[in-house]
Every structure is written in C-alpha cells, then in structure tokens.
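To keep things clear, I will list the structure first and then write my remarks on it.
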Amino acid sequence: MKLPRVAANFALSLDGKIAARAKGPTSFTSAADRRRMLELRAGADAILVGRGTIEADDIPMRLPSARLRAKRIRAGKTAEPLRVIFSNSGRLRKNLRVFRDGGPPVVVFTTRSMPASTKRWLDGVADVRIEPRGNRVDPRYALEALARDYGVRTALCEGGADLFRALVQAGLVRTLHVTFAPVIIGGAGAPTLLGPAPSSLLKRSIPLRLEGFFPRGDEAFATYRVAAGS
Ligand SMILES: NC(=O)c1ccc[n+]([C@@H]2O[C@H](COP(=O)([O-])OP(=O)(O)OC[C@H]3O[C@@H](n4cnc5c(N)ncnc54)[C@H](OP(=O)(O)O)[C@@H]3O)[C@@H](O)[C@H]2O)c1
C-alpha cells in the first residue's frame, strides 16, 4: 500500500514555540500566514490534527476561499480536503465547530477507549475508525486506511505537537513548512514543535534540507524536506 505523502505546517516563535502555553490557542501569526496555511491546505487531500489542537483552537478545518475551492474542483478534486482527527482517548466534545458546521467528511482515528456515548453521536457526523490493535492509534495504520479507503495521496498535518511527534517518530513526514513569526514567547511549559520538554526528546535528531525561504513582512515562510531514511 502506497502511503500518502505527509507534510506538516506550523507557526513558530523565534524561540521555537508553537503556543504560549500547553494546550493554549495559537494567536501570534499574521493574515499572510493564514493565507499561506489555506494554500497548503488546498493542496492536500486530507488535513490531520490531534485532539489537543481541535480543543485549543476549535478550528472547523474548512477551506473558506471560493478561489481555492474552485481551483481544487478544476484539478478534479473534492472542493475541500477530508478532515481527519486523532484521539486515543476518544474524548471529543460534541460542540466543536468541526462537528457542527457541515462541510467535508470527518474521519476520527481512535481506540476502544472512546466512550460509548461519544461513539453514538459521533457516528452521525463522522467516520469513526477504531484502532484494532490496542490503546494507541498507529499512525501508519491510519495513513494506510486513508490511502485505501479514502483515496488520500497527500496529507497535511496541522498539529499539534503530539501528532507531529508521532508522525515524525514513525518516519512518515516528508516535508515541513514553518512560519517564523516575529515574537519571542519563552517558558518551559510552552510547547515546541514536538511538545514540552523533556517528553519531546527524539531518540535521534532528524536532518532537514531547506527547499524554500520567503520573507514576507516581519515573518518568513520556510519549507524543509526531511532527509530520506530519517
Ligand atoms: N503554532 C502552530 O502552528 C500550531 C499548530 C497546531 C497546534 N498548535 C498548538 O498546539 C497545542 C496542541 O498541541 P498538543 O500538544 O495538544 O498536540 P495535539 O497533537 O494537537 O493533541 C494531542 C492529543 O491528540 C491525540 N493524538 C495525537 N497524536 C495521536 C496519535 N498518533 N494517535 C492518536 N491520538 C493522537 C491525543 O488525544 P487524546 O488525549 O484524546 O488521546 C493527544 O492527547 C495547542 O496549544 C495548539 O494551539 C500550534
């Protein structure tokens, strides 16, 4: 099974933080960064997020731009990418916008830990995929299912740190887009790309190759390719 090509996109403070506090919302980037995020989103068959990001930012995971939706349709795609949420616990709130606002299909990868009451209402608004092999979703299994059952060839991870770390540790991320934002946040509890220290330490570092770097206003947009075999 050919796995989807996975890219990730994050905004980073200049001291490497993705949010001011663990589980807090991200609010330090510009309208230009948001436009870039939507361009990247428009290029993917599926958007991937962890429960923490959905809870912190309550993002509907939509493509609000008519221009970008039309471009996708001209390319023979659905108007908007598939929305994919990861949650081992399955403890998702019914009132999150992603479940309320209509829009493209939602797929939830979870485990048997999902409360039965959650599964009942969620079955009405999403495809619930239960991990068959234990109490943690294996990201490779999820990507295989996305390729096989939903025709996903490209996926964009929009965070957060836990999901990104799981994908990186499984060697599944090919491209990393970052926006360097002109802000310094500080604080040991503020998560980096891989979460708060020390749980974020990788067994070995991941080499990256710079593919693009575009300053715009006070921000800079960079694209890195993950070295083969990492
Ligand atoms: N700066 C940026 O660009 C950016 C982007 C995105 C998010 N953020 C910020 O990052 C923070 C949220 O990050 P986070 O550390 O909470 O990470 P997260 O990955 O968004 O959420 C963590 C939760 O997602 C679920 N999860 C993650 N990986 C999983 C996997 N492989 N399989 C199954 N479930 C998985 C688990 O849910 P359960 O607990 O239910 O098991 C886990 O506790 C927020 O502050 C958000 O604003 C920043």
Side-chain angles (χ1 to χ4, degrees), residues 6-30 32-34 36-38 40-41 47-61 83-93 96 98 107-115 118-119 122 126 128-146 155-173 176-185 187-200 219-222:
V6 179
N9 181 40
F10 282 90
L12 281 184
S13 71
L14 293 188
D15 54 339
K17 307 293 189 182
I18 64 167
R21 58 186 164 83
K23 317 295 178 197
T26 306
S27 54
F28 53 75
T29 57
S30 68
D33 175 60
R34 181 168 163 74
R36 179 180 192 248
M37 186 264 289
L38 293 177
L40 294 172
R41 192 179 276 184
I47 311 163
L48 318 179
V49 298
R51 181 178 66 87
T53 295
I54 280 280
E55 294 278 347
D57 297 345
D58 197 10
I59 42 171
M61 302 173 74
R83 301 177 290 177
V84 182
I85 300 168
F86 287 76
S87 170
N88 289 312
S89 74
R91 296 190 178 281
L92 290 158
R93 281 191 289 116
L96 291 168
V98 69
V107 182
V108 175
F109 285 97
T110 188
T111 67
R112 293 194 186 95
S113 303
M114 175 175 273
T118 305
K119 170 99 172 47
L122 199 51
V128 180
R129 309 285 305 226
I130 309 275
E131 164 69 49
R133 287 164 296 224
N135 58 3
R136 295 198 66 80
V137 175
D138 175 347
R140 189 171 289 272
Y141 148 80
L143 288 179
E144 279 171 8
L146 289 173
L156 180 69
C157 169
E158 292 192 359
D162 268 5
L163 178 58
F164 180 65
R165 191 173 64 248
L167 292 167
V168 163
Q169 281 173 333
L172 296 168
V173 178
L176 173 62
H177 303 282
V178 293
T179 299
F180 296 106
V183 60
I184 296 170
I185 292 177
T192 69
L193 268 185
L194 298 172
S199 61
S200 55
E219 290 174 330
F221 303 142

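Remember, predicted model here, so these are calculated numbers, not experimental data. Order of appearance sets the numbers: ligands from 1, and atoms from 1 within every ligand.
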Are Glu131 and Arg112 ion-paired here, with the side-chain N under 4.0 Å from a carboxylate O?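 Between Arg112 and Glu131 there is no salt bridge, as every charged N stays at least 4.0 Å from the carboxylate O atoms.
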
Counting only heavy atoms closer than 4.0 Å, does ligand 1 sit against the backbone of [X], its side chain, both, or neither?
| X | result |
| --- | --- |
| Asn88 | both |
| Ser89 | both |
| Arg136 | neither |
| Ala161 | both |
| Ala19 | side chain |

With no hydrogens and no angle check, do the side chains of Ser30 and Glu219 hold a donor and an acceptor under 3.5 Å apart?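 There is such a pair (donor and acceptor under 3.5 Å, judged by atom type) between the side chains of Ser30 and Glu219.
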
Which one of [options] has a non-hydrogen atom at the shortest distance from [atom]?
| atom | options | result |
| --- | --- | --- |
| atom 17 (O) of ligand 1 | Asp57, Val178, Asp162 | Asp162 |
| atom 25 (C) of ligand 1 | Phe28, Phe86, Phe164, Tyr141 | Phe86 |
| atom 21 (O) of ligand 1 | Gly52, Ala190, Ser13, Pro139 | Gly52 |

For Thr179 and Asp33, which heavy atoms make the closest approach, and how far apart are they?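 Answer, listing the atom of Thr179 first, then Asp33: OG1-OD1, 2.5 Å.
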
Ligand-side contact atoms (ligand 1) for residue partner [X], heavy atom cut-off under 4.0 Å:
| X | value |
| --- | --- |
| Phe10 | 2 (C), 3 (O), 4 (C), 5 (C) |
| Gly159 | 6 (C), 20 (O) |
| Ala166 | 31 (N) |

Ligand 1 N/O within reach of Phe109 N/O, cut-off under 3.5 Å: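 Checking ligand 1 against Phe109, no N or O pair falls under 3.5 Å apart.
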
Does the N or O separation between Arg51 and ligand 1 drop below 3.5 Å for any pair?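 So ligand 1 has an N or O lying under 3.5 Å from an N or O of Arg51.
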
Working for side chain to side chain contact (heavy atoms under 4.5 Å, CB included), residues Phe109 and Ile85: CA-CA 6 Å; Phe109 285 97; Ile85 300 168; over 6 Å; no

Result of checking Ile47, Leu146, Val108 against Val84 for side chain to side chain contact (heavy atoms under 4.5 Å, CB included):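 Checked Ile47, Leu146, Val108 against Val84; only one passes side chain to side chain contact (heavy atoms under 4.5 Å, CB included): Leu146.
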
[X] side chain to [Y] backbone, donor-acceptor under 3.5 Å:
| X | Y | answer |
| --- | --- | --- |
| Asn9 | Leu176 | no |
| Lys17 | Gly187 | yes |
| Arg140 | Ala170 | yes |

Has Arg93 got more than 12 heavy atoms of other residues, nucleotides or ligands less than 6.0 Å from its CZ?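 Above 12, so yes.
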
